[in-house]
Amino acid sequence: MANAEHRVRGDAAAGSGGDRTRVVRAALWLVVAVLAVRQTATALGRPPGQGLTGPETWTGPGGVLRMTGSLYDGDRFTGTPFAGLVLRTPARVAEQHLGLVWTFGSLLLVAALGVVAARALPGPVSRRTALLAAPVAISLLMVSLPVRTALHLGQTGVLPVLLVLLGCFAVRGEHARGVLIGVAAALQPTVLLFVVLLGLTGRRRAAVTGGLAFAGCTAPAWAVRPGDSWAYWVHHVAGAGLGGDAADLANQSLHGALLRFGLTGPAEVALLLVLAGAVCVLGLRRAVRYARDGQLLLAVAVTGCVAVAVSPTTWPHQLLWVLLAAAGRVGKRAGDRRLWPVVVVLVLTLPGTMLLPNLAVLVPVRDNVPLLAALAAACAVPFLPRASPYWRDPVPTVYAAPAPGRRGMRRVLSRPNLLLELLLIRVVYSVYAQVRLAATAGRDTAERHGRQIHAVERWLHIDIEHWANRTVAGIAPLRGFFDFYYSTFHFIVPLTILGVLYVRRPAEYRWARATIGFATLVALVGFWLYPLAPPRLMPGLGFIDTVHGVQDLARPDYGSLTAVTNQYAAMPSLHFGWSLWCGVVVVLLAPRGWMKALGLLHPLLTVCAIVATANHWVLDAVGGAVVVGLGFALARLLTGGRRKDPAVVVPGAAKPWEDRTPPAAAVPVPRPPDDVPAQGVRKG
């Protein structure tokens, strides 16, 4: 009877899980459809001459494919002479409806690429992964920089990648596989490295066929357009310098990086040959190892990353190989598995300025982020072999017991991956800064709201800003102290608290990070809905801007300040909100009384600073307190809040801070992290 009841419950749970999977899958396919519509509208909605620049210059009046002159007389066409021959016929056919045909054709290629890549994931994979992989892959492709560039400029960067994947995973027979890869190499010459990969993995017939197919596609181009072929293969060394300056930031190859570092001439060529040779040898050896391990998709991605690095020019639409490298598994802990895929996706979707701060020492890294990701995938990232005990069974994440009556996110107790944490904090802050900068409705609206706030404060008899500002401005030491405090401690104190919690109290770190994150999101809504001029930007009220100096209120967007911040994002005050968050966290977590006192002193000094320097109204501080309260409330609603519950430990799980050991006859219960009480630990 008990067994029958257990079986019924298990079937019900499985059915419920299957229903959730189907709902998620339907939602993901809806996301794919929305992205496809958006990309189509973006590509077709551009004014003439600003979109699909490749096809327009190929087929329009005087376009290179309609002229008897050279394909490379202009600076738009960067493909091989074979690509020029192939595109002539379909381009002429599609001339009347070029944008529509080209855009939909490219989207179909992207969808096919995502489906093939999803089906090529190394097994075994769960049913849930198999169902969700295709829409996730297509969505990531849609938002990636290579696909966006290909759709915008009308480039063919998706086609060679799809041909290689079809050759490796979708067709049967060595000759068919070789033909597809050979044709891809005729469109993108560095794809010839896949012919080498075929030979090194024992597919000699496919390798020979691929080489012959490449020669068979390239030879007619030499016969029909010998001048263009000489210009492309010899004068421009397989396209180097076509489409723009090879030293441009868009060229993410070793050649482009060396040129940006100032190396030119024979020294640059010699160093490039040495580096390219080393990357080819090391990368292809790794690709062969992964192919023999049953991770053919990873082997293809690694080889493609080698091609990205060693190509004379690698423009954005040719970077899709790097995105495929997200299929590799890295890390022993379950919490570390997200690091590599997240890095790859962010690198291929966001500009380097959002990934790294604008520091001189980081500029060389920031300018070459896609290249560095390709080199890392090709030569350095320690992808797990399938024989590793961590391949399917990583060290599990430790969770707190769910709060009674709550159905939210499980509260994680273990320490998060540091690199992933820093990267996400940087990206989230960049998004926050851009949204805040964009959240403005104009000076008139902001000043009208300023007059509203001032009137309310006068009615409440709390309009102390003018008195405080004039008093502090007249006392030089006090003015200097509050100016320094306003400009310095806004970021330092919250980051310090988060750093200490990360090291000493990982579970509390996650809770604290969630609360300040939710509070900041709520504040963005306030910036957007209620732009507000601070006292220092209100004309006629006589406030002194002690921090930024005297301003011309007829032109308050003076100087470089406008480029880095929205001066009308005063309500709510995150200066006070973040300081209040610091005070609450320190009071709740600090072990000593003097620490708690310092924690309370910080928001007190901050509110004095923001009012005395005329950067905020008193009600702005009230708004900051409200959003912080909402941040704590949302964290409690979704995760159960800050609770000292025992951890739920999976039977047989290794300790979070130790490597996995071979299973023993009796599995000890792991000791919980330092911030979780030892008593009451139970197996989940």
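The model shown is predicted, which means the values in this text are computed figures rather than measured ones. We count residues from 1, following the sequence as given.
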Sub-4.5 Å side-chain heavy-atom contact between Thr613 and Val472: no
Ring geometry between His490 and Trp578 (parallel below 30°, tilted from 30 to 60°, perpendicular above 60°): parallel
Polar side-chain atom of Ser388 near backbone of Leu384 as donor-acceptor pair, under 3.5 Å: no
Flag, side chain of Thr515 to backbone of Ala512, donor-acceptor distance under 3.5 Å: yes
From CG (Leu529) to CE (Met571), nearest 0.5 Å: 12.5 Å
Pairwise side-chain contact, Arg329 with Trp340, heavy-atom cut-off 4.5 Å (strictly under): no
Side-chain donor or acceptor of His449 paired with backbone N/O of Pro531 under 3.5 Å: yes
Distance in Å, Ile475 CD1 paired with Phe482 CZ, rounded so as to fall on 0.5 Å steps: 9.5 Å
Min side-chain heavy-atom separation His616-Val611 under 4.5 Å: no
Heavy-atom pair with the smallest gap, counting every atom of Leu298 and Ala325: CD1-O, 4.3 Å
Interatomic distance, Leu418 atom CG to Leu423 atom CG [nearest 0.5 angstrom]: 11.0 Å
Within 45° cone of Tyr502 ring axis and under 6.0 Å: Arg415 NZ or CZ: yes
Steps toward side chain to side chain contact (heavy atoms under 4.5 Å, CB included) verdict (Met354, Arg426): CA-CA 7 Å; Met354 293 187 66; Arg426 169 62 191 174; 5.9 Å; no
Asn469 side-chain N/O to Glu465 backbone N/O, donor-acceptor pair under 3.5 Å: no
Check: Gly331 main-chain N/O paired with Arg337 side-chain donor or acceptor under 3.5 Å: yes
Contact check, side chains of Val585 and Leu501, non-hydrogen atoms, under 4.5 Å: yes
Non-hydrogen side-chain atoms of Leu323 and Val344 separated by less than 4.5 Å: yes
Close side-chain approach of Leu619 to Ile462, heavy-atom, < 4.5 Å: yes
pair Leu362-Pro357: side-chain heavy atoms closer than 4.5 Å: yes
Test side chain to side chain contact (heavy atoms under 4.5 Å, CB included) applied to Arg513 and Arg510, step by step: CA-CA 5 Å; Arg513 178 199 57 186; Arg510 290 181 180 269; 4.0 Å; yes
Nearest-0.5 Å distance that lies between atom SG in Cys608 and atom OH in Tyr485: 9.5 Å
Distance, nearest 0.5 Å, that separates CG of Leu574 from CG of Leu580: 11.5 Å
Side chains of Leu424 and Leu346 in contact at under 4.5 Å (non-hydrogen atoms): yes
Validation row, ring centre Phe632 to ring centre Trp511 under 6.0 Å: yes
Between Arg338 and Asn417: side-chain donor-acceptor atoms closer than 3.5 Å: no
Reported CD-to-CG distance for the pair Gln252 and Leu375, which is rounded to 0.5 angstrom: 10.0 Å
Heavy atoms from other residues, nucleotides or ligands near CH2 of Trp391 exceed 12 (cutoff 6.0 Å): yes
Val628 vs Phe576, side chain to side chain contact (heavy atoms under 4.5 Å, CB included): CA-CA, chis, key distance, verdict: CA-CA 10 Å; Val628 168; Phe576 178 72; over 6 Å; no
Val618 backbone acceptor or donor facing Glu457 side chain under 3.5 Å: yes
Working for side chain to side chain contact (heavy atoms under 4.5 Å, CB included), residues Trp617 and Leu532: CA-CA 10 Å; Trp617 306 95; Leu532 174 64; 3.8 Å; yes
Closest non-hydrogen atom pair, Leu28 against Pro135: CB-CB, 3.6 Å
Donor-acceptor pair, side chain of Lys596 and main chain of Ala590, under 3.5 angstrom: yes
Arg386 atom CZ, over 12 foreign heavy atoms within 6.0 Å: yes
Pro364 backbone acceptor or donor facing Asp367 side chain under 3.5 Å: no
Ring centres under 6.0 angstrom apart (His575, Tyr486): yes
